[in-house]
Chemist: 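One structure, as structure tokens, below. Some questions next.
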Protein chains: 2
Amino acid sequence: MSHTLGIRQAQKQKTRQAFLDAALALLEEQSLSSLGLREVTRAVGVAPTAFYRHFRSTADLGVALVDEALGSLHPMVKTTVSTAGDSEERITRAVELIARHVEAYPAHVRFIARERHGGVQPVREAIRDQLARFADEVKAELAKDPQADGWSDDDLLMLAHLYVDQMLITASLFLEALEASQDEREQVAQLATRQMRLISIGRRHWLD
Amino acid sequence: MSHTLGIRQAQKQKTRQAFLDAALALLEEQSLSSLGLREVTRAVGVAPTAFYRHFRSTADLGVALVDEALGSLHPMVKTTVSTAGDSEERITRAVELIARHVEAYPAHVRFIARERHGGVQPVREAIRDQLARFADEVKAELAKDPQADGWSDDDLLMLAHLYVDQMLITASLFLEALEASQDEREQVAQLATRQMRLISIGRRHWLD
DNA sequence: TCATCCAGTTAACAACTGTTCTCTGGAATT
DNA sequence: AATTCCAGAGAACAGTTGTTAACTGGATGA
């Protein structure tokens, strides 16, 4: 299936990626609904009309960015939840993983946090759908745990959403603390850890 | 202290409020960073230059909107937390209060959710500061509860932030379901209730 | 009553926006 | 080798933007 792309297709994909990269960079200081088509092409170094060869509109570009950003997030979520060890150790590792991800892909995280409730409907919907998929995956992982015995499907999904939202909140906090002192980032980590711990305690006593 | 405003000051405040209202309406379908000065004045029905008599920039207007939106939210948070009754009854009433607030001030809720991570720094900071104040108030209310005996200040604040974030998430879900069926809104309410319940359970067993 | 103040107006500015149509030159196909 | 294809360029469009300066006329305070 992996047919080597022709020179033409390869160049096109390269330009397309340049659009995505440039847009992501521009979006660190504004939101998608104010991102101009010409602004992006200027940053890439191509003519404004070249934009239309790849995207219908900036909203369309935004949807493509959702895929890229949350695509890179998928492995994180999975490993975060399915990490071995006791509950406390799991939490510590999960928080650390989130911190690492934010350091590795700050622009992606910022984009998702910003546009999740942003002013562009198709993008909001794309993010909502992807996060729902995440929640489903988390739910599937949770179901494997013996702790989940006796839990209804609804309750498992409820907990999964709680975890996903908590991850996003934590990621956003790490993002704000990215250029802050080591101490401040440590404080974010401890806050997130304790919140996760409290949720885990609630989980453990859910069926009481 | 309530000196009756002169005709002049009264008219000015009226126009200012018209700016805030018009902006809030326009922001239902876009974000602040794309809100144009002329766009707002056009909606109000005044000359573009009149804008400068009230705000330095649209970012400045945004900060004013934060005060208005979260000002109206303050009473809700207080009554939500300090409601009497057992834990289960409290939660139900809290979720209902959030639902009512979203129905009463949908544009305010949307604005806060959207701009909390939006593209305009001063507005983000204003929201962050106000939410921190909320968390402090919630913490103060939590401290009154006998359940808080033995809790450290840090842990109380941690829980307060968890509650505040959870309120925002719930409000945002209600907002999305505003024009949906009664069933769908009921489902949101049940999800939020169960998540709150799980957090409360975690709270109850925190010191185990 | 008269001078001062000031919210809102009018006009003009250079700079920017999204979109259309036409063109080009090299890759892809036959 | 000849033909088709198509990513990107170029030029032009009407419409928009934020900001400036100078103004008007009614409320305000002496």
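Throughout, a chain's letter reflects where its sequence line sits, starting with A, and its residues are numbered from 1.
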Chemist: Under 3.5 Å, which protein N or O atoms sit close to an N or O of nucleotides 26-28 of chain C? Give each pair with its distance.
Modeler:
{"unit_1": "C:dG26", "atom_1": "N2", "unit_2": "A:R8", "atom_2": "NH1", "d": "3.2"}
{"unit_1": "C:dG26", "atom_1": "N2", "unit_2": "A:R8", "atom_2": "NH2", "d": "2.7"}
{"unit_1": "C:dA27", "atom_1": "N3", "unit_2": "A:R8", "atom_2": "NH1", "d": "3.1"}
{"unit_1": "C:dA28", "atom_1": "OP1", "unit_2": "A:I7", "atom_2": "N", "d": "2.8"}
{"unit_1": "C:dA28", "atom_1": "OP1", "unit_2": "A:R8", "atom_2": "N", "d": "3.2"}

Chemist: If you count the non-hydrogen atoms of other residues, nucleotides and ligands that lie under 6.0 Å from CD in A:Q9, is the total more than 12?
Modeler: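 At most 12 heavy atoms, drawn from other residues, nucleotides or ligands, come within 6.0 Å of this atom.
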Chemist: Just wondering, are more than 12 heavy atoms of other shown residues or ligands nearer than 6.0 Å to CD in A:E28?
Modeler: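 Yes.
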Chemist: Identify each donor-acceptor pair in which a side-chain atom of residues 166-180 of chain A lies under 3.5 Å from a protein atom, sequence neighbours left out, and give them as a table.
Modeler:
{"unit_1": "A:Q166", "atom_1": "NE2", "unit_2": "A:Q195", "atom_2": "OE1", "d": "2.7"}
{"unit_1": "A:T170", "atom_1": "OG1", "unit_2": "A:Q166", "atom_2": "O", "d": "2.8"}
{"unit_1": "A:S172", "atom_1": "OG", "unit_2": "B:H117", "atom_2": "ND1", "d": "3.3"}

Chemist: Quick one: does A:W206's side chain get under 4.5 Å of A:M158's, heavy atoms only?
Modeler: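 Touching, per the 4.5 Å side-chain cut-off.
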Chemist: Looking at side-chain heavy atoms only, is the closest gap between B:L159 and B:I199 below 4.5 Å?
Modeler: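 With C-beta onward as the side chain, the pair touches.
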Chemist: Contact list please: residues 35-47 of chain A against DNA chain C, heavy atoms, distance less than 4.0 Å, in numerical order.
Modeler: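 The stretch gives A:G36, A:L37, A:R38, A:R42 as the residues lying under 4.0 Å from the strand, ordered by number.
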Chemist: Say whether, by atom type as modelled, one donor and one acceptor occur between the side chain of A:E115 and the main chain of A:L32 under 3.5 angstrom.
Modeler: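 Yes, because the side chain of A:E115 sits within donor-acceptor range (under 3.5 Å) of the backbone of A:L32.
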Chemist: Would you say the side chains of B:D183 and B:Q187 form a donor-acceptor pair under 3.5 Å?
Modeler: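 Absent: no donor and acceptor within the cut-off.
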Chemist: Walk along DNA chain D from 5' to 3' and tell me the first and last nucleotide with an atom closer than 4.0 Å to a non-hydrogen atom of chain A.
Modeler: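 Span of nucleotides near chain A: D:dC5 to D:dA12.
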Chemist: For A:H161, give me all partners under ring-ring contact (aromatic ring centres under 6.0 Å, His included), at least two apart in sequence or on another chain.
Modeler: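 With neighbours one apart ignored, the set is empty.
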Chemist: Measure NZ/B:K12 against P/C:dC6 and give the value in whole Å, please.
Modeler: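 Whole-Å distance recorded here is 9 Å.
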Chemist: Quick one: does A:H101's side chain get under 4.5 Å of A:V109's, heavy atoms only?
Modeler: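 Heavy-atom side-chain distance check passes, below 4.5 Å.
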Chemist: Return yes if a side-chain donor-acceptor contact under 3.5 Å exists between A:R185 and A:Q182, otherwise no.
Modeler: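 Yes - a donor-acceptor pair under 3.5 Å links their side chains.
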Chemist: Counting only non-hydrogen atoms, which of residues 13-23 of chain A are less than 4.0 Å from DNA chain C?
Modeler: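 The stretch gives none, as no residue of it lies under 4.0 Å from the strand.
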Chemist: For DNA chain C, what string of dots and brackets results from 5' to 3' when Watson-Crick and G-U pairs need both distances under 3.5 Å, crossing pairs get [ ], and pairs with another strand get |?
Modeler: ||||||||||||.||||.||||||||||||
Chemist: With sequence neighbours excluded, what pairs up with A:R114 under the salt bridge (charged side-chain N to carboxylate O under 4.0 Å, His left out) test?
Modeler: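 So A:R114 forms no salt bridge (charged side-chain N to carboxylate O under 4.0 Å, His left out) with any residue.
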Chemist: Enumerate donor-acceptor pairs with a distance under 3.5 Å from any side-chain N or O in residues 119-130 of chain A to protein atoms, sequence neighbours excluded.
Modeler:
{"unit_1": "A:R124", "atom_1": "NH1", "unit_2": "A:G118", "atom_2": "O", "d": "2.7"}
{"unit_1": "A:Q130", "atom_1": "NE2", "unit_2": "A:D67", "atom_2": "OD1", "d": "3.1"}

Chemist: Quick one, which residues of residues 52-63 of chain A touch DNA chain C with a heavy atom under 4.0 Å?
Modeler: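 Residues of residues 52-63 of chain A under 4.0 Å from DNA chain C: A:Y52.
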Chemist: Is A:H74 close to A:E137 at the side-chain level, that is, under 4.5 Å between some pair of heavy atoms?
Modeler: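 A side-chain contact under 4.5 Å exists here.
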Chemist: Got more than 12 heavy atoms from elsewhere within 6.0 Å of CD, B:E88?
Modeler: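 Yes - once you tally the heavy atoms of other residues, nucleotides and ligands closer than 6.0 Å, there are more than 12.
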Chemist: Filter on salt bridge (Lys or Arg N to Asp or Glu O under 4.0 Å), then keep only pairs touching residues 155-174 of chain B, sequence neighbours left out; what's left?
Modeler: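 Matches after skipping sequence neighbours: A:R194-B:D155, B:R116-B:D165.
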Chemist: Between B:E141 and B:K144, does any side-chain N to carboxylate O distance fall below 4.0 Å?
Modeler: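 Result for this pair is yes, salt bridge flagged.
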Chemist: Sequence neighbours left out, cut at 3.5 Å: what donor-acceptor pairs do the side chains of residues 44-60 of chain A make with other protein atoms?
Modeler:
{"unit_1": "A:S57", "atom_1": "OG", "unit_2": "A:A59", "atom_2": "N", "d": "3.4"}
{"unit_1": "A:S57", "atom_1": "OG", "unit_2": "A:D60", "atom_2": "N", "d": "3.3"}
{"unit_1": "A:D60", "atom_1": "OD2", "unit_2": "A:R56", "atom_2": "N", "d": "3.1"}

